[in-house]
Amino acid sequence: MTAFNYRIYYFETTFYFDVFTKEILTYHIAARKGDREQYIKGLEDVKRLLGEQKEPVILHTDQG
């Protein structure tokens, strides 16, 4: 998640990407501080993209 201010506006952007291919899978933007909806929508998008994946998948959050 990256937060930034632009003039009087506040934005939080959350990116979900593949660490091996460096491809951005999905992203969401929230205009409210601490809005959880962007995380939930992002995870739903990733689950939909994985579909019927046969191989194990590791979802990693970089806590810092």
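- Interatomic distance, CD of Glu44 versus NZ of Lys47, reported as 7.0 Å (0.5 Å rounding).
- Crowding of Tyr27 atom OH: a count of heavy atoms from other residues, nucleotides or ligands under 6.0 Å not exceeding 12.
- Residues Ile29 and Phe15 fall within the same hydrophobic cluster, defined by Ile, Leu, Val, Met, Phe, Trp and Tyr side chains chained together at heavy-atom separations under 4.5 Å.
- Closest approach of Thr26 to Gly42, counting heavy atoms only: CG2-O, 3.8 Å.
- Linking ILVMFWY side-chain heavy atoms closer than 4.5 Å, directly or via other members, places Leu25 and Phe20 in two distinct hydrophobic clusters.
- No donor-acceptor pair closer than 3.5 Å links the side chain of Tyr9 to the backbone N or O of Phe4.
- Rounding to the nearest 0.5 Å places CG of Leu50 at 10.5 Å from CZ of Arg48.
- Summarising the local packing, CZ of Phe17 is surrounded by 12 or fewer heavy atoms from other residues, nucleotides or ligands at distances under 6.0 Å.
- Annotation for His28 and Gln38: closest pair O-OE1, 3.5 Å, computed over non-hydrogen atoms.
- Grouping the Ile, Leu, Val, Met, Phe, Trp and Tyr side chains by contacts below 4.5 angstrom, directly or via other members, places Phe11 with Ile24.
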